[in-house]
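The sequence lines fix the lettering, A, B, ..., with proteins before strands; numbering per chain opens at 1.
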Number of protein chains: 2
Amino acid sequence: MSTIANARSGEQGRSVSVKDVASAAGVSVGTVSNVLNRPDKVSPATLAHVQQVIGDLGFIRNDAARQLRAGTNRAVGMVVLDVRNPFFTDVARGVELRLGEHGRPLILGSSGQDAGRESTYLDLFEEQRVSGLLISPVGKVLPRLRRLRERGTAVVVVDRRTGSREFSSVAVDDVRGGRIAATHLIEAGRRRIAFIGGPQGLTQIKHRLRGAEAVVAEHPGTVLRFVETGTMDADAGRRGAESLLALPARERPDAIFAANDLVALGVLQALTLAGVRVPDDVAILGYDDIDFAASAAIPLSSVRQPREEMGSVATDLLLGAMEDPAAQVRDIVLEPELVVRRSTTG
Amino acid sequence: MSTIANARSGEQGRSVSVKDVASAAGVSVGTVSNVLNRPDKVSPATLAHVQQVIGDLGFIRNDAARQLRAGTNRAVGMVVLDVRNPFFTDVARGVELRLGEHGRPLILGSSGQDAGRESTYLDLFEEQRVSGLLISPVGKVLPRLRRLRERGTAVVVVDRRTGSREFSSVAVDDVRGGRIAATHLIEAGRRRIAFIGGPQGLTQIKHRLRGAEAVVAEHPGTVLRFVETGTMDADAGRRGAESLLALPARERPDAIFAANDLVALGVLQALTLAGVRVPDDVAILGYDDIDFAASAAIPLSSVRQPREEMGSVATDLLLGAMEDPAAQVRDIVLEPELVVRRSTTG
DNA sequence: AAACTTTCTTGAAACGAATCAAATCCACAG
DNA sequence: CTGTGGATTTGATTCGTTTCAAGAAAGTTT
């Protein structure tokens, strides 16, 4: 009877443990553990035999137990602002690839700009005792980040600066990006530039705008108008463009610098539907250079942020901090780069 | 001396455990556990007091230990084909929202169509003993799914059918989608339709094509041409469109049905750059109805797949199977829906 | 006030793998 | 044949929770 039960493979039996492997292989649990974690300490014969048994029994290490005893979760947590924006999935991809090289999984969460959801993810990561955390903060999370660090979790801030000098960070020079954008448009012969994006409260927006303003100030005869929007999606771009189309012809801009590519796509749509020619009548310049920018009906010029690189650099900082908690705090600033396509070159 | 050390908050001390909470609160560990897991079994006074202490000490439950003892990870794992395709992030979003209602976290992995990466994620999920798994399979994973199920992990297949009747699944009726697409184009007065997408090996492609072919067969005077591509991204669309542009004028299609919206965007770009008017000269119809379809320069008509709904329905099936492992296997087929925009209506 | 209930609280026993000091094995020199 | 040192292997102990039978306390009924 019991033989039959054991033979039935549909059974939902207790899963195989190191102990089972050990007795089946005729060795001690310590040896099985060594086979798993330091194969070089085990004689070749034993190693092969135990691995064989592990395969036969279909043993899979219980990570919860490993983690409890070892005191550390190999996983790294990441909270991004919005997984629906390709910018962030690209950064996350950079992170995941680099972590993969170190055999570490990534647990990705999206806050959707919501402080509550952000907090929920932080709870999760704390309970999971992740070994590292990458975050683009939304709410006031500094105290929590400090607590995480006290508990031994390395923390790196991505695509932002915390202001305090407590955590390493990786960001792109937005003032520079703003300068690059304005310079390009002016060199392409444009004089009346509109910047569409917002909210102005975001550091990124402020900086990009400041950079663009500085350049415009250096070029007499050029003007910059700021059209603030509440969000940074295609809809915002559409609305922003429509508000510009409503202006008297003489005041209309001949170039639009969008806060990001999503906004730029919205702008492109609104202009196209209104019969405005791009780039002939109005040039459009995006920001980020997500894949969709290159795939737009009129390929979008864009200020490229090195997205995957941000991810991999942030990961390197994190891995460094994980190895040596006393490692120096570093703020790495990457350079944006202009990618010229059809939308700005008549 | 030791007092000073304790007072130093920069210390990276061993973290607070239930035992610490218990002794600080003057109760037993059992009570602390009850406060955490069945607050209703604890007297209000004790409850309040213990919660206070938990807050003061900054206690955070160690999930690895919880999991080890309880034998179950609350998390659900999901492997999608490609996080960079908004279709999948939308499905994942539906999953995450529904899981959130049950206080369960989602661990999301992207296989990128690569059987190796898919397998790595399955390893991870097995080690983590996730309680449920949602997957759009790439490689030959049936044996592994069976094993996972034997171990007590519920499994639901998303956006595919396994063929075998072993696992519940959620998919959209692709033959129907193909019919809807062709019908719409023909009713809009188009006669020469091209279907761009591939590879043909994918069931989805086969079905959409079959549906479209059936409709064309029912309408004398209409023809369908299949342009196979290796991938399903914008680049494939671009190339497919270019190959059609190379045809002699009389053979050119007056409508293009793209296998998905990414492909459709690529088609739109190629046609726009070639000076072909959309929809006047050629209509374009996409599939999926991702947000970018609505945001294209010429808003794309598309066969909408209920993405978030797929996610939530799949999650419901999964939660059901988790509660009752013997629950009946169900294949749920959702209906696609036509969304008409500018790209198909002259 | 005794005899029951019902409500709370207790604390020892898991869960499964990693660790590490101690035991055993083995090859080889003396 | 003994002794030595390095290479392997052993197995009891530990990690932090949850669980649950049993005990204590408080309340109710007779």
Step-by-step side chain to side chain donor-acceptor pair (under 3.5 Å) determination, B:D331 to B:S169: CA-CA 5 Å; B:D331 287 302; B:S169 70; 2.4 Å; yes
Trace of the salt bridge (Lys or Arg N to Asp or Glu O under 4.0 Å) decision for A:R93 with A:D90: CA-CA 5 Å; A:R93 198 180 136 77; A:D90 289 348; 5.8 Å; no
A:V138 vs A:L81, side chain to side chain contact (heavy atoms under 4.5 Å, CB included): CA-CA, chis, key distance, verdict: CA-CA 7 Å; A:V138 177; A:L81 290 191; 3.3 Å; yes
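Residues B:R129 and B:G26 each lie close to DNA chain C; by heavy-atom proximity, the contact nearer the 5' end of the strand is made by B:G26.
Distances from the side chain of A:S43 to the nucleotides D:dT10, D:dT17, D:dT9 place D:dT9 closest. With C:dG16, D:dT9, C:dG11 as the choices, the nucleotide that has an atom nearest any side-chain atom of B:S28 turns out to be C:dG11.
Going from atom CD1 of A:I107 over to atom CD of B:Q128 covers 6.5 Å, rounded to the nearest 0.5 Å.
At a non-hydrogen distance threshold of 4.0 Å, nothing from residues 50-57 of chain A comes into contact with DNA chain C.
Using modelled atom types, one finds a donor on one side chain and an acceptor on the other under 3.5 Å when comparing B:T46 with B:S43. A side-chain donor-acceptor contact under 3.5 Å links A:S119 and A:R144.
Look at A:R61 and B:E126 and you find no salt bridge, because none of the NZ, NE, NH1 or NH2 atoms lies under 4.0 Å from a carboxylate O.
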Please enumerate all protein N or O atoms sitting under 3.5 Å from an N or O of nucleotides 18-26 of chain D, with distances to 0.1 Å.
unit_1 : atom_1 : unit_2 : atom_2 : d
D:dT18 : OP1    : B:N37  : OD1    : 3.4
D:dT18 : OP1    : B:N37  : ND2    : 3.2
D:dT18 : OP1    : B:R61  : NE     : 3.2
D:dT18 : OP2    : B:S33  : OG     : 3.2
D:dT18 : OP2    : B:N37  : ND2    : 3.2
D:dT18 : O2     : B:R69  : NH1    : 3.0
D:dT19 : OP2    : B:R38  : NH2    : 3.1

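Remark: side-chain polar atoms of A:N85 are not paired, donor with acceptor, to backbone N or O of A:D82 under 3.5 angstrom.
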